[in-house]
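Beneath this line is the structure, given in structure tokens, with notes to follow.
The residues of the chain are indexed from 1 along the displayed sequence.
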Amino acid sequence: MQCLQCEFENRQGVRFCEKCGAKLELTCPSCGALVPPDRNFCGGCGASLSPVVTAQDVTPDAALLEREAERRQLTVMFCDLVGSTALSSKLDPEDLREVITAFQDQCREAIERYAGFIARYMGDGMLVYFGYPQAHEDDAERAVRAGLDIVRSMVELNAEIGKRHEVVLAVRIGVATGSVVVGDIVGE
């Protein structure tokens, strides 16, 4: 297998480059399958192999905010807890807060995993940007994958929080992609 760092052709079956020591195979964070380091997605489960990006990594800095307006492709995702108004009449305020916080934590983890930027928390929902402040070629795909992870995480959330409070939780997610103008569009 050829090393991607130094391009040395290694013997078959080695896990580290015999010339520079770089790891020749990566482990999928979702299913644990071994994958070559030049892959973007796992061949076993389809999970993204992009590095996990946290909110600190994508927070816009002052230079980015002071830039002139620019056109860019942006994917926007909105997700919220279905039936939260009914939940508010069924649960104590402290219990409702626990449910909503657990829901938002599950969403945030999935969103950060795919480099989404949470623009605003809105009650039990959140508005998320993929493609701002940092753009990727596959922002729309990242948004959909984050949404699917959120939907999958509802099983775990219902097993823990839903069961404890005797409620069934569901999520509603919308994703849209289009051209937007980002930055200061008002002249001085």
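- With rounding to the nearest 0.5 angstrom, the SG atom of Cys107 is 9.5 Å from the CD atom of Glu109.
- Remark: Val76 engages Leu74, Leu127, Tyr129 in a side-chain contact (heavy atoms from CB on, under 4.5 Å) (not counting sequence neighbours).
- In this structure, Gln104 contributes its side chain and Gly123 its backbone to a donor-acceptor pair below 3.5 Å.
- Leu87 and Tyr121 fall within the same hydrophobic cluster, where Ile, Leu, Val, Met, Phe, Trp and Tyr residues are linked whenever their side-chain heavy atoms come under 4.5 Å apart, directly or through other members.
- To the nearest 0.5 Å, atoms CD1 (Ile100) and CG (Leu91) are separated by 9.0 Å.
- Between the CG atom in Leu169 and the OG atom in Ser153 there is a gap of 10.5 Å [rounded to 0.5 Å].
- In the hydrophobic cluster analysis, where Ile, Leu, Val, Met, Phe, Trp and Tyr join through side-chain heavy atoms closer than 4.5 angstrom, Met77 is grouped apart from Val82.
- At a threshold of 4.5 Å between non-hydrogen side-chain atoms, the residues Arg72 and Ser179 do not count as touching.
- A pairwise comparison of heavy atoms in Ala110 and Asp149 identifies CB-CB, 3.9 Å as the closest pair.
- Between the side chain of Asn158 and the backbone N or O of Met154, at least one donor-acceptor pair lies under 3.5 Å.
- Summarising the geometry, atom NZ belonging to Lys19 is positioned 12.0 Å from atom CD belonging to Glu9; distances are rounded to the nearest 0.5 Å.
- A pairwise comparison of heavy atoms in Ala143 and Val175 identifies CB-CG1, 4.1 Å as the closest pair.
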Fill in: Worked verdict on Met126 versus Met122 for side-chain contact (heavy atoms from CB on, under 4.5 Å)
CA-CA 5 Å; Met126 52 187 65; Met122 302 156 82; over 6 Å; no
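- Using a cutoff of 4.0 Å between basic side-chain nitrogens and carboxylate oxygens, Arg164 and Glu98 are scored as salt-bridged.
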Evaluate His136 against Glu141 for side-chain hydrogen bond (donor to acceptor under 3.5 Å, both in side chains), listing each step before the verdict. CA-CA 10 Å; His136 303 90; Glu141 182 177 338; over 6 Å; no
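- Leu157 and Leu96 fall within the same hydrophobic cluster, where Ile, Leu, Val, Met, Phe, Trp and Tyr residues are linked whenever their side-chain heavy atoms come under 4.5 Å apart, directly or through other members.
- In plain terms, the two heavy atoms of Ser84 and Asp124 that are nearest each other are OG-OD2, 3.0 Å.
- Side-chain atoms of Asn10 come within 3.5 Å of backbone atoms of Glu18 as a donor-acceptor pair (strictly under, hydrogens ignored).
- Using a 4.5 Å heavy-atom threshold, the side chains of Gln106 and Ile150 count as separate.
- A heavy-atom distance below 4.5 Å is not found between the side chains of Leu81 and Val171.
- In this structure, the side chain of Arg71 does not engage the main chain of Val180 through any donor-acceptor pair within 3.5 Å.
- Contact record, Phe130 with Gly116: CE2-CA, 3.4 Å, taken as the closest heavy-atom pair.
- Residues Phe117 and Ile111 come closest through the heavy atom pair N-CG2, 4.3 Å.
- Closest of all the heavy-atom pairs between Ile173 and Gly147 is CD1-O, 3.4 Å.
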